[in-house]
K.L.:
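Dropping a structure here in structure tokens format, bear with me for questions.
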Amino acid sequence: MKTVLTSSSIEAAQFIKHGVVVAFPTETVYGLGADIFNETAIAKIFEAKKRPADNPLIAHVSSKDQIAELATEITETAERLIQQYFPGPLTVVLMKSEQVPDIATAGLDSIGIRMPRNDLANQFIAACGTPLVAPSANLSGRPSPTTWEAVYEDLDGRIDCILQGEPTEIGLESTVVDCRGEAPILLRLGSVSLQEIQEVVPQASLISFDDDVETRSPGLKHKHYAPHASVKIWNGQNEAQTRSAYIGISLPTQEFRLRKIVSSVEDYAHELFEFFRECDREGIDTIYCEPVEESGIGAALMDRIERASRAGN
Ligand code: TXA
Ligand code: MG
């Protein structure tokens, strides 16, 4: 199939109305969207990405009113988080309403919902006239795309349309919080930190490994965020010597084939996934990532780096 590139949200929305999939920008990473009420279209997302069928998708809305048709109940904790962080890089997990097809949530009775704050994303979802389900628009297991070109690199010929926007503002995926109980459980770290969640709901906590991680957050068990190169946390030693790369805030004294010096933790988060892709294009075999303090977005950044380093290839 030919992948149409457009910067018009109206044109892109026509594809959704015809029951096919469209990649679009959000403030976190690019997503691959389909009409949440169209099972055939949703199946195309799984096919295009080669995504495991047991990994649920996040619903994206353009107005808070749309949440009520997707969830059976908006809990008190969800209400408070929505008030504070919607639109923005936060996904709340609630009980799914009957109308939402099972394929959207990989058979789970819960559903993750978020409202992006990126203008083009909102115009696009509004023009579609329906909430969209959208995973990150990468081939499954690859780093999430932060530019439309990265989407094109993975999915050209596999999807019908890419809505071309700017590189994404944040660069890491949304924070996912299970809001079904009284004490929310943070399932995936993102740019809204645990601390910021706790400012709104003090009893919130991070999912612990004693919990049934795989049942609560099926996405966590799959290989994630990984470039082809092996990722290592920088400890001051370049053991790989050749074909190695470095990304970090401090200037390393050793030589690297490829090197990216970032100006802050936010900039680091913004650049990480694109740097992984650049390393793959350049045939790098080891990527060293300087560790940062695990506070604010630094916690999400270290989470992605550690996952990539455990992917073991
Ligand atoms: O920032 C983002 O969230 C991006 C943009 C496109 O919105 N989307 C994204 O989607 O990262 P995806 O599919 O790559 O990651 C979704 C994560 C997975 O780890 C999945 O398991 C989890 O959210 N998730 C989705 N629905 C869930 C549910 N009902 N219960 C628990 N976890 C859920
Ligand atoms: Mg993803």
Side-chain angles (χ1 to χ4, degrees), residues 28-29 89 136 138-147 149-150 153-154 167-175 186-195 206-210 213-214 217 219-313:
T28 57
V29 300
S136 50
N138 50 280
L139 277 176
S140 197
R142 298 272 296 142
S144 294
T146 57
T147 63
E149 290 92 340
E153 180 175 72
D154 277 14
T168 61
E169 172 199 338
I170 297 169
L172 300 180
E173 306 85 349
S174 64
T175 305
L186 205 157
L187 303 178
R188 180 174 72 180
L189 293 159
S191 70
V192 179
S193 65
L194 176 60
Q195 232 171 329
L206 186 61
I207 188 167
S208 84
F209 282 101
D210 302 337
V213 175
E214 295 192 0
S217 189
L220 296 182
K221 67 171 179 270
H222 297 291
K223 179 169 160 266
H224 254 130
Y225 322 114
H228 298 307
S230 77
V231 172
K232 297 206 161 104
I233 297 180
W234 176 241
N235 64 2
Q237 282 308 313
N238 179 0
E239 284 149 1
Q241 305 291 341
T242 59
R243 295 191 165 279
S244 60
Y246 169 90
I247 181 167
I249 298 174
S250 1
L251 204 66
T253 50
Q254 280 156 314
E255 293 287 315
F256 291 92
R257 176 80 58 96
L258 217 58
R259 193 174 80 171
K260 178 138 217 117
I261 309 302
V262 290
S263 58
S264 62
V265 176
E266 284 72 24
D267 189 30
Y268 197 160
H270 186 258
E271 297 297 327
L272 182 75
F273 288 152
E274 187 50 35
F275 187 67
F276 281 175
R277 285 176 177 270
E278 188 185 339
C279 288
D280 281 349
R281 281 177 222 126
E282 298 294 322
I284 296 294
D285 53 29
T286 309
I287 307 172
Y288 290 100
C289 301
E290 185 185 23
V292 299
E293 198 189 317
E294 290 185 29
S295 65
I297 198 172
L301 179 62
M302 287 311 295
D303 171 73
R304 303 307 190 272
I305 291 173
E306 276 159 14
R307 279 175 203 285
S309 76
R310 281 199 302 266
N313 56 354

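Side chains are part of it too, since the values below use all heavy atoms of this structure and drop only hydrogens, waters and symmetry mates.
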K.L.:
Measuring only between side-chain heavy atoms, which start at C-beta, is I261 closer than 4.5 Å to P252?
P.N.:
yes
K.L.:
Excluding sequence neighbours, so at least two apart, what forms side chain to side chain contact (heavy atoms under 4.5 Å, CB included) with E149?
P.N.:
T147
K.L.:
Hey, could you give me the CG/CD distance between L301 and E266, rounded to the nearest 0.5 Å?
P.N.:
9.5 Å
K.L.:
Closest heavy-atom contact between C289 and V231?
P.N.:
SG-CG1, 3.9 Å
K.L.:
Only counting residues at least two apart or in another chain, list the ones meeting side-chain hydrogen bond (donor to acceptor under 3.5 Å, both in side chains) with E274.
P.N.:
R281
K.L.:
Under the side chain to side chain contact (heavy atoms under 4.5 Å, CB included) rule, collect the residues that match up with S191, sequence neighbours excluded.
P.N.:
P89, I170, I297
K.L.:
How would you list, by chain and number, every residue that makes a salt bridge (Lys or Arg N to Asp or Glu O under 4.0 Å) with E282, sequence neighbours excluded?
P.N.:
none
K.L.:
Kindly write out the residues that satisfy ring pair (Phe, Tyr, Trp, His ring centres under 6.0 Å) with F273, not counting sequence neighbours, or none if the list is empty.
P.N.:
Y225
K.L.:
Nearest 0.5 angstrom please: R304 CZ to L189 CG, how far?
P.N.:
7.0 Å
K.L.:
Is the backbone of T28 close enough, under 3.5 Å, to the side chain of T168 for a donor and an acceptor to pair up by distance?
P.N.:
yes
K.L.:
At what distance, to the nearest 0.5 angstrom, does CD1 of I284 lie from OG1 of T242?
P.N.:
9.0 Å
K.L.:
Could you list the residues that satisfy side chain to side chain contact (heavy atoms under 4.5 Å, CB included) with D280, not counting sequence neighbours?
P.N.:
R142, P227, H228, A229
K.L.:
Can you list the residues that meet the side-chain hydrogen bond (donor to acceptor under 3.5 Å, both in side chains) rule with T175, with sequence neighbours excluded?
P.N.:
none
K.L.:
Please identify which of these residues, W234, Y288, F275, meets the ring-ring contact (aromatic ring centres under 6.0 Å, His included) condition with Y246.
P.N.:
W234
K.L.:
Just how far is it from atom CD1 of I287 to atom OG of S230, taken to the nearest 0.5 Å?
P.N.:
8.0 Å
K.L.:
Residues in side-chain hydrogen bond (donor to acceptor under 3.5 Å, both in side chains) with S193, at least two apart?
P.N.:
E196
K.L.:
To check you understand the geometry: which heavy-atom pair defines the closest contact between S144 and N138, and what is its length?
P.N.:
CA-OD1, 3.6 Å
K.L.:
When rounded to the nearest 0.5 angstrom, what distance separates CD in E271 from CD1 in I247?
P.N.:
6.5 Å
K.L.:
Identify the two heavy atoms, one from L139 and one from D154, that lie closest to each other, and give their separation to 0.1 Å.
P.N.:
N-OD2, 2.9 Å
K.L.:
Return each pair, listed once, that meets side chain to side chain donor-acceptor pair (under 3.5 Å) where at least one residue sits in residues 248-262; pairs must be two or more places apart or across chains.
P.N.:
S250-E290
K.L.:
Who pairs with T146 by side-chain hydrogen bond (donor to acceptor under 3.5 Å, both in side chains), at least two apart in sequence or on another chain?
P.N.:
none
K.L.:
Rounded to the nearest 0.5 Å, how far apart are CG of L206 and CG of D303?
P.N.:
8.5 Å
K.L.:
State, to 0.1 Å, how close I249 and S264 come at their nearest heavy-atom pair, and which atoms those are.
P.N.:
CD1-C, 3.8 Å
K.L.:
Carefully, step by step, assess V265 and E293 under the rule side chain to side chain contact (heavy atoms under 4.5 Å, CB included).
P.N.:
CA-CA 9 Å; V265 176; E293 198 189 317; over 6 Å; no
